[in-house]
> 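My questions all concern the structure below.
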Amino acid sequence: MGIFNGLFGNKEQTQREEKQIPWIPLVSEEQLDEIAEKSKSRTQLIFKHSTTCGISRMVLNMFTSTYALGKDIDIYFLDLHAHRNVSNEVAVRFQVMHQSPQLLIIKNGETIYHTSHGAIADINLEEYI
């Protein structure tokens, strides 16, 4: 058993090594007002995720594994299927065409950067904080 733990790691090691993103669930249109207001003093990020899309799941996993920011940013998680109305309002309010998965960076009430699909994993978030 010891050799396999050395090669593959054990469950406890894997759980400890997983990065935890301080997600804030984005579940209401009213939160978009809060995001716009908070973005005047602190960078806000919205991650739009489709729970039924394999590509979205893959991008979410890549984003989670490469996430390396401190507490200088608020990160909202939007489940597109559970909150379609919020997703639609994000597109209108922050003037971006809906895509999934999608990442938006909000500063001073405006989208300063957005990207989707595999390009999400390539972004250097530190440039936008």
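Any value given below was found using the heavy atoms of this structure, including those in side chains, with hydrogens, waters and symmetry copies removed.
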> At what distance, to the nearest 0.5 angstrom, does CG of Leu32 lie from OH of Tyr76?
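That separation rounds to 9.5 Å.
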> Do Ile24 and Val27 land in one hydrophobic cluster if side-chain heavy atoms of ILVMFWY residues count as linked below 4.5 Å?
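Each belongs to a different hydrophobic cluster.
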> Give a yes or no on whether the backbone of Glu110 and the side-chain of Asn108 come within a donor-acceptor separation of less than 3.5 Å.
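No, Asn108 side chain to Glu110 backbone: no donor-acceptor pair under 3.5 Å.
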> For the residue pair Val96 and Thr111, what are the closest heavy atoms and their distance?
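So the minimum-distance heavy-atom pair works out to CG1-CG2, 4.0 Å.
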> State, to 0.1 Å, how close Ala121 and Met62 come at their nearest heavy-atom pair, and which atoms those are.
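Minimum heavy-atom contact is CB-CE, 3.7 Å.
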> Apply salt bridge (charged side-chain N to carboxylate O under 4.0 Å, His left out) to Glu89 and list each qualifying residue two or more places apart in sequence or on a separate chain.
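Arg93.
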> Under the salt bridge (charged side-chain N to carboxylate O under 4.0 Å, His left out) rule, what pairs show up with a residue in residues 112-129, not counting sequence neighbours?
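Passing the test, one end in residues 112-129: no pairs.
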> Which heavy atom of Ile105 sits nearest to which heavy atom of Leu125, and what is that distance?
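Closest heavy-atom pair between Ile105 and Leu125: CD1-CD2, 3.8 Å.
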> Begin from the C-alpha positions of Ile21 and Phe47 and carry the test side chain to side chain contact (heavy atoms under 4.5 Å, CB included) through to its verdict.
CA-CA 11 Å; Ile21 296 180; Phe47 189 100; over 6 Å; no
> So, using side chain to side chain contact (heavy atoms under 4.5 Å, CB included) as the criterion, who are the partners of Ser56 when residues are at least two apart?
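In terms of side chain to side chain contact (heavy atoms under 4.5 Å, CB included), with neighbours along the sequence ignored, Ser56 is linked to His49, Ser50, Cys53, Ser100, Pro101.
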> Test: salt bridge (charged side-chain N to carboxylate O under 4.0 Å, His left out). Region: residues 38-67. Which pairs qualify, not counting sequence neighbours?
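Sorted pair list: Glu37-Lys40, Lys38-Asp74, Arg42-Asp74.
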> Verify the cluster assignment for Leu104 and Ile75: are they in a single hydrophobic cluster under the rule of side-chain heavy atoms below 4.5 Å apart?
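Looking at the clustering, Ile75 is in a separate group from Leu104.
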> Write down the atom of Met97, the atom of Gln102, and the distance for their closest heavy-atom approach.
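Result for this residue pair: O-NE2, 3.0 Å.
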> Is it possible for you to say whether Tyr128 and Val90 belong to one hydrophobic cluster, with membership spreading through side-chain heavy-atom contacts below 4.5 Å?
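In one cluster: no.
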> What's the spacing between His117 NE2 and Leu103 CG if we round to 0.5 Å?
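Result: 13.0 Å between the selected atoms.
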> Identify, with sequence neighbours excluded, every residue that meets side-chain hydrogen bond (donor to acceptor under 3.5 Å, both in side chains) alongside Thr115.
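Testing Thr115 for side-chain hydrogen bond (donor to acceptor under 3.5 Å, both in side chains), a comparison that skips the adjacent residues, returns none.
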> So do the side chains of His98 and Arg84 get within less than 4.5 Å of each other, counting heavy atoms only?
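Yes, at least one pair of side-chain atoms sits under 4.5 Å.
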> May I ask whether Ile46 and Ile55 are part of the same hydrophobic cluster, defined by side-chain heavy atoms of I, L, V, M, F, W, Y residues being less than 4.5 angstrom apart, directly or through others?
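Unlinked, Ile46 and Ile55 end up in two clusters.
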> Return the orientation label for the Phe77 and Trp23 ring planes: parallel under 30°, perpendicular over 60°, tilted otherwise.
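Rings of Phe77 and Trp23: perpendicular, as their planes differ by over 60°.
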> Would a hydrophobic clustering, with Ile, Leu, Val, Met, Phe, Trp and Tyr connected at side-chain separations under 4.5 Å, put Ile35 with Val92?
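No, because Ile35 and Val92 fall into different hydrophobic clusters, even though each may have its own neighbours under 4.5 Å.
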> Sequence neighbours excluded, which residues qualify as side-chain hydrogen bond (donor to acceptor under 3.5 Å, both in side chains) partners of Glu34?
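Once residues adjacent in sequence are excluded, Glu34 has no partner under the side-chain hydrogen bond (donor to acceptor under 3.5 Å, both in side chains) criterion.
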> Tell me the closest heavy-atom pair linking Leu26 and Leu78, and the distance in Å.
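Of all heavy-atom pairs spanning Leu26 and Leu78, the closest is O-CD1, 3.3 Å.
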> Verify the neighbour count for atom CD1 of Ile112: are there more than 12 heavy atoms of other residues, nucleotides or ligands below 6.0 Å?
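Atom CD1 in Ile112 is crowded, with more than 12 foreign heavy atoms closer than 6.0 Å.
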> To the nearest 0.5 Å, tell me how far Asn61 CG sits from Thr66 OG1.
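If we round to the nearest 0.5 Å, Asn61:CG and Thr66:OG1 are 10.5 Å apart.
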> Closest approach of Val59 and Gly118, non-hydrogen atoms and distance?
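Heavy atoms of Val59 and Gly118 come nearest at CG2-N, 4.0 Å.
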